[in-house]
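Just so we're on the same page: letters track the sequence lines, and every chain starts at 1. Note: hydrogens, waters and symmetry copies are ignored here, and every other heavy atom, side chains too, is used.
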Protein chains: 2
Amino acid sequence: MTPKARPTYSVIAKEAGVSEATVSRVLNGDDRVDQERAAKVLEVVERLGYKKHRAATALASGRTNLIAVVIDNDLSVFSDPFWGTVTSGISRVLMENELQTLLMVTSVSSVDGPVAHYLNTGEVDGAIFFQLHKDALVRKLAKTGLPIVITGSPHAATDFVFVDTDNFGGGHAATKHLINRGCKKVAIIAGDIETVAGHQRVDGYHQAYRELGRVPSKSLTAYGDYSYESGKREMTRLLTEQPDIDGVFACNDLMAMGAIAAIEEKGLTCPDHVAVVGFDDSLVAQTSRPGLTSVRQDIVALGEAAAELMIAQLRNEPVEPRILPTELVIRESA
Amino acid sequence: MTPKARPTYSVIAKEAGVSEATVSRVLNGDDRVDQERAAKVLEVVERLGYKKHRAATALASGRTNLIAVVIDNDLSVFSDPFWGTVTSGISRVLMENELQTLLMVTSVSSVDGPVAHYLNTGEVDGAIFFQLHKDALVRKLAKTGLPIVITGSPHAATDFVFVDTDNFGGGHAATKHLINRGCKKVAIIAGDIETVAGHQRVDGYHQAYRELGRVPSKSLTAYGDYSYESGKREMTRLLTEQPDIDGVFACNDLMAMGAIAAIEEKGLTCPDHVAVVGFDDSLVAQTSRPGLTSVRQDIVALGEAAAELMIAQLRNEPVEPRILPTELVIRESA
DNA sequence: TTAGGTAAAGAAAGCGGTTTCATGCTTCTT
DNA sequence: AAGAAGCATGAAACCGCTTTCTTTACCTAA
């Protein structure tokens with residue numbers, strides 16, 4: 001019934017014939033302890049299977065070994081596998097470094113909501129945020145010196161530490177592919193332009209055109225909201241207004257699927273009449289027919305990178321934002 | 001730079017003109033404190049925006065307010081939105097109850113691995129596990145008195161507290177629907193039979209047949225592994241051996257998609273020649289063409305229920321396993 | 001009036017580590 | 001060879017809150 005009583009410094013010190021202070025030194029890697037005594041302490045620790053009591057350590061040292069992963073409830077947290085995958089990557093790496101992952105799914109909006117307060121009062125050693133629209137909270141926290149990593153690019157060009165997929169490169173590759181396969185008029189269905197990621201994908205699209213010495217007509221850019229419905233709606237509109245569109249880059253797979261549905265409803269086929277490229281290489285892309293050509297991002301790696309940047313900060317090592325490469329996965333749709 | 005110094009009992013006691021012990025009593029709802037003094041304390045607490053120091057509280061009281069959510073790394077954690085969604089539900093409810101979610105993505109396999117040790121030593125107040133094949137670890141932990149909730153049915157009929165979707169009911173409804181729409185020969189592509197969930201879905205299928213006064217031929221049951229490929233492979237085999245199959249219940253959406261692909265490769269169409277029902281009502285089901293008829297489970301609710309059962313246990317309230325209803329979402333495929 | 005009982009509140013001892021400070025011992029300086 | 005300096009080590013304070021134990025004050029009963 002009772003969790004077995006754990007040993008404390010007191011018993012270890014006694015067993016090893018040293019003081020508790022020495023035990024502490026040994027366990028914290030203080031090198032100015034006699035070799036033999038240190039060895040003895042370690043032997044006892046090993047034999048007793050001793051592990052430090054987290055709360056006690058936290059209280060005494062002021063560091064909790066807890067890293068918060070803050071996820072905005074407002075995002076499409078539910079049903080989108082993205083964040084879960086990132087988080088698992090984060091968690092794995094943190095764990096390997098003796099850090100714990102504290103998950104907070106909440107409305108991040110308020111600058112002085114409970115989350116803000118919580119993070120502000122030294123309850124965690126650092127915080128990893130997921131892409132957010134408003135970064136007032138993050139900015140405020142950063143001022144307190146709390147180590148922070150943002151997954152996804154921060155809104156403004158600040159000096160926040162962040163990790164992100166190469167959205168620009170992905171958008172560029174997707175568009176380039178459409179052009180290379182012979183498309184003459186390539187449209188784009190953008191996602192949330194408010195986010196940097198959304199914007200960068202569009203930029204990549206423009207860049208691909210630019211390299212051709214052309215500038216895409218404004219009328220070729222449609223604005224969706226990452227949902228299937230919006231993709232379908234916008235594609236229908238685009239095709240109605242400009243029936244000669246023969247390629248489209250949708251900024252995520254869901255909208256791409258919507259676009260394909262729209263194309264087929266018009267009595268056209270994909271990729272013969274209109275080629276489609278998505279973004280994410282999600283399950284949806286992999287299982288659809290025609291298989292969806294899509295830009296793959298390594299989501300687990302994104303989480304791992306975030307965790308690594310956090311750990312580097314905790315060690316006071318210099319930290320650079322990290323941008324992970326994408327890969328175009330070619331299937332039937334383009 | 002420095003996180004602003006937080007007030008402690010010491011200053012609150014001074015401000016309110018009482019002892020620290022009294023402050024503690026007030027803050028822990030001990031009712032035998034003079035009304036006026038209590039009010040005074042609360043006023044000061046409010047004014048100073050005081051919040052207890054978690055580590056200190058944990059050290060002194062022995063309760064950490066931390067609930068571990070343990071996810072087995074071996075599962076298809078990556079790419080499957082299921083776990084992430086459950087976790088977000090858990091986290092939200094725990095948070096509302098002043099509990100923190102500690103995420104552990106790891107190999108649960110070993111009974112005395114680091115996770116086991118961690119959970120065993122009072123670092124958390126409870127643990128929520130995700131469906132697992134081997135429950136040796138859980139069984140051992142339960143013996144120590146650690147409150148535990150299992151998401152998904154435990155393997156053996158034990159007295160573990162668990163929450164699960166009504167897999168039996170879902171399988172039954174799916175099969176019934178196929179029969180009702182006129183299918184004469186309904187096959188099933190089972191998932192992992194080792195798990196209770198996988199088994200129950202098959203049982204539901206049998207039950208639907210039984211209600212018709214029939215018993216499905218063994219040859220109508222195929223075994224996949226929840227992957228798209230396995231669904232496609234098994235469906236191809238089924239149709240080759242028994243071309244008159246006109247309905248199939250795939251135990252998840254991915255296999256259902258594979259099945260549809262197989263059907264179309266045979267030159268047949270869904271639902272005209274073979275009707276298909278999936279399970280999960282995932283994004284895949286929602287965006288596929290034909291839209292996939294599928295059994296929906298409320299995944300967020302699953303997480304919320306798990307958290308609620310955990311909280312009930314912490315309060316020493318009586319706890320019953322909970323089975324959540326499913327809903328058949330009808331689209332074009334059946 | 002006085003002994004006995006009860007309830008509110010303060011003093012103080014932990015909880016299990018970390019860290020400062022003092023101590024005794026060895027080593028270096030001239 | 002004596003005093004300064006350097007070091008490994010232990011004693012003890014401390015982190016912020018909980019809880020037991022004591023004290024104090026007030027009531028009731030005889």
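- Ring geometry for B:Phe130 versus B:Trp83: interplanar angle under 30°, hence parallel rather than tilted (30 to 60°).
- As rounded to whole Å, 10 Å separates atom C1' of C:dT18 from atom CG of A:Leu59.
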Check step by step if salt bridge (charged side-chain N to carboxylate O under 4.0 Å, His left out) holds for A:Arg92 and A:Glu96. CA-CA 6 Å; A:Arg92 237 213 43 243; A:Glu96 284 169 5; 3.3 Å; yes
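- For A:Glu15 and A:Arg47, the salt-bridge test passes: some basic side-chain N is under 4.0 Å from an acidic carboxylate O.
- Separating the NZ atom of B:Lys14 from the P atom of C:dG10 is a distance of 14 Å, rounded to the nearest angstrom.
- Between the two ends of the helix from C:dT1-D:dA30 to C:dT30-D:dA1, each summarised by a five-pair axis, the helix axis turns through 50° (rounded to 10 degrees).
- Residue A:His53 contributes atom NE2, which lies 14 Å from atom C1' of C:dT18 at whole-angstrom precision.
- Atom CD of B:Glu123 is separated from atom C1' of C:dG16 by 11 Å (rounded to the nearest Å).
- Checking side-chain atoms of B:Asn28 against main-chain N and O of B:Ser24 turns up a donor-acceptor pair under 3.5 Å.
- Under 4.0 Å is where a charged nitrogen must lie from a carboxylate oxygen, and between B:Glu308 and B:Arg322 at least one such pair does.
- Comment: B:Glu123 does not engage A:Lys51 in a salt bridge, judged by the lack of any side-chain N to carboxylate O separation of less than 4.0 angstrom.
- In this structure, a donor-acceptor pair under 3.5 Å is absent between the side chains of B:Ser88 and B:Thr85.
- At distances below 3.5 Å, not a single donor-acceptor pair connects side-chain atoms of B:Asp125 with backbone N or O atoms of B:Ile67.
- You can see that DNA chain D meets the heavy atoms of chain A within a 4.0 Å-exclusive cut from D:dA8 to D:dG16, reading 5' to 3'.
- A straight line from CZ of A:Arg63 to P of C:dG17 spans 17 Å, rounded to a whole angstrom.
- Not one N or O on the side chain of B:Arg37 forms a donor-acceptor pair closer than 3.5 Å with the backbone of B:Val26.
- Applying a 4.0 Å cut-off to non-hydrogen atoms, the residues of residues 18-47 of chain B that approach DNA chain C are B:Val18, B:Ser19, B:Ala21, B:Thr22, B:Arg25, B:Arg32, B:Val33, B:Asp34, B:Arg37, listed by residue number.
- B:Tyr9 has its OH atom 18 Å from the P atom of C:dC15, to the nearest Å.
- Between the side chain of A:Asn65 and the backbone N or O of A:Leu99, no donor-acceptor pair lies under 3.5 Å.
- Under the 4.0 Å criterion applied to side-chain N and carboxylate O atoms, B:Glu98 and B:Arg54 are not assigned as salt-bridge partners.
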